[in-house]
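This report refers to the structure that appears directly beneath it.
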Amino acid sequence: MASIRRTLSPAYHDRSYQNGAGFSSPSNKFLPDGSSKHFSSSSHLPFLFNAVNIVYRKGWRRSFCRCLFFFVIGFVFGIAPFGYSDTDVRAKDFTFPELKPPHANLRFGDQIVTSVSLSVNTKLLEPKESTDIIEPLKQLIVVTPTYNRGFQAYFLNRLGQVLRLVKLPLVWIVVEEKAASHETAEILRKTGVMYRHVLCAFNSSSLKDPRVHQRNAALEHIERHKLDGIVFFADDDNVYTLELFESLRTISRFGTWPVAMLAQSKNKAILEGPVCNASQVIGWHTNDKSKRLRRFYADMSGFAFNSSILWDSKRWACPFSNPIRQLDTVKEGFQESTYIEQVVEDESQMEGIPHGCSRIMNWHLHLDTDNLFYPKGWLLEKNLEVILPIK
């Protein structure tokens, strides 16, 4: 403040105030280059004037040192501890507070809710019982013997379209004798069903029913490759429902069911098959008096069995140790019974399907097409003769 008073004292002014217009200071006292500076008396910046006067009279170094000094003083006071500080930092200081919903009094009719509890059930779902586990479906092994005749293409196409609708897994074993025909192979490829085209090398021209050896060729193929599933002899001239194929998967060892057949006279239907109490076979039914000497009264397409019987007979305690095959030395109509006798001992080892054996699921029509004339491969080499011309 002393320097400020000296600056404003009369000894340092060249002239006095004139009507309050302003004042001036000696040039050699204020500016280094000797120039003078006039200020208006109406200015309200006396502090700025005094600061400039100090800087140029005392030097800028002195003011800078003062500013630096007070800055250091303030910095030291700012970081110095002036109170108690708890340095004991524990994990519990960083835990989140427990959030609880506020109490609410809600009235629902005659009930009063005094509190609301929010919680999350973290209990894992208990595993389902073993009975709820979905087991894979059994494979169906459908054996179809076929031979060259008038309705062969029709029969194979019809059966192939039915098998195409059956749930997988399914393999269709189609057996031909002597050589595989291109027509049959083309039909099998177009059905979209997984198939195996098997040949029967045995000359069965002397037999009335050549399909006996064709089925044996399929049985040998299954036994050699140990195909696992349910074997079903499905002749191509029969009619089958989808329910039949789905019921086959319920068979454990040997299953049988009734079949409707068209009599040779074509004037009546014959029902042949088991009589069941639930799934237990308690007897047999047949309308054909000529077959009453058989042990089992089942049609060739009226039974199915587990394929492991062919290549693991000890597991099932089969009555015969020889390979299970159809016999060509027995009388016609007895192939079914003699074959079943190799698979099971009696009816106690059989399963009747469906429940109660109360539904017909396939039909044997006995359509004789051996003497039917038809174009080879059902292809027309030339146009048909015009019988009714367009007028």
Query raised in the report: Between Phe245 and Phe232, what is the ring plane arrangement, given parallel below 30°, perpendicular above 60°, and tilted in between?
Result: perpendicular
Requested in this report: Please determine, by modelled atom types, if Thr146 and Glu176 share a side-chain donor-acceptor pair under 3.5 angstrom.
Outcome: no
Report summary line: The side chain to side chain contact (heavy atoms under 4.5 Å, CB included) partner of Val239 among Leu159, Val162, Asn362, Leu365 is Leu365
Query raised in the report: If we only count heavy atoms from C-beta on, is the Arg359 to Glu243 side-chain gap below 4.5 Å?
Result: yes
Requested in this report: Taking side-chain hydrogen bond (donor to acceptor under 3.5 Å, both in side chains) as the test, write out the residues that go with Ser348, two or more places apart.
Outcome: Asp346
Query raised in the report: Does a side-chain heavy-atom distance below 4.5 Å link Val259 with Glu272?
Result: no
Report task. Measure the shortest side-chain to side-chain distance between Trp172 and Leu156 over non-hydrogen atoms and say whether it is less than 4.5 angstrom. Result -> yes
Query - Option passing side chain to side chain contact (heavy atoms under 4.5 Å, CB included) with Pro274 (candidates Tyr297, Phe296, Trp284, Phe303) - result: Trp284
Query - side-chain contact (heavy atoms from CB on, under 4.5 Å) against Leu327, all qualifying residues, sequence neighbours excluded - result: Thr329, Val330, Thr338, Gln342
Report task. Indicate yes or no: at least one non-hydrogen side-chain atom of Arg249 is less than 4.5 angstrom from one of Val166. Result -> yes
Requested in this report: Please check if the side chain of Glu220 supplies one atom and the backbone of Asn216 the other of a donor-acceptor pair under 3.5 Å.
Outcome: no
Report summary line: Heavy atoms of Ile230 and Asn306 approach each other most closely as CD1-CA, 4.1 Å
Requested in this report: Mind checking ring-ring contact (aromatic ring centres under 6.0 Å, His included) for His225 and listing every partner two or more places apart, or none if nothing turns up?
Outcome: His221
Report task. Using side-chain hydrogen bond (donor to acceptor under 3.5 Å, both in side chains) as the criterion, list what pairs up with Lys190, not counting sequence neighbours. Result -> Glu186
Report task. Tell me, please, which residues at least two apart from Tyr195 pass ring-ring contact (aromatic ring centres under 6.0 Å, His included). Result -> none
Requested in this report: Tell me, please, which residues at least two apart from Thr250 pass side-chain contact (heavy atoms from CB on, under 4.5 Å).
Outcome: Ile353
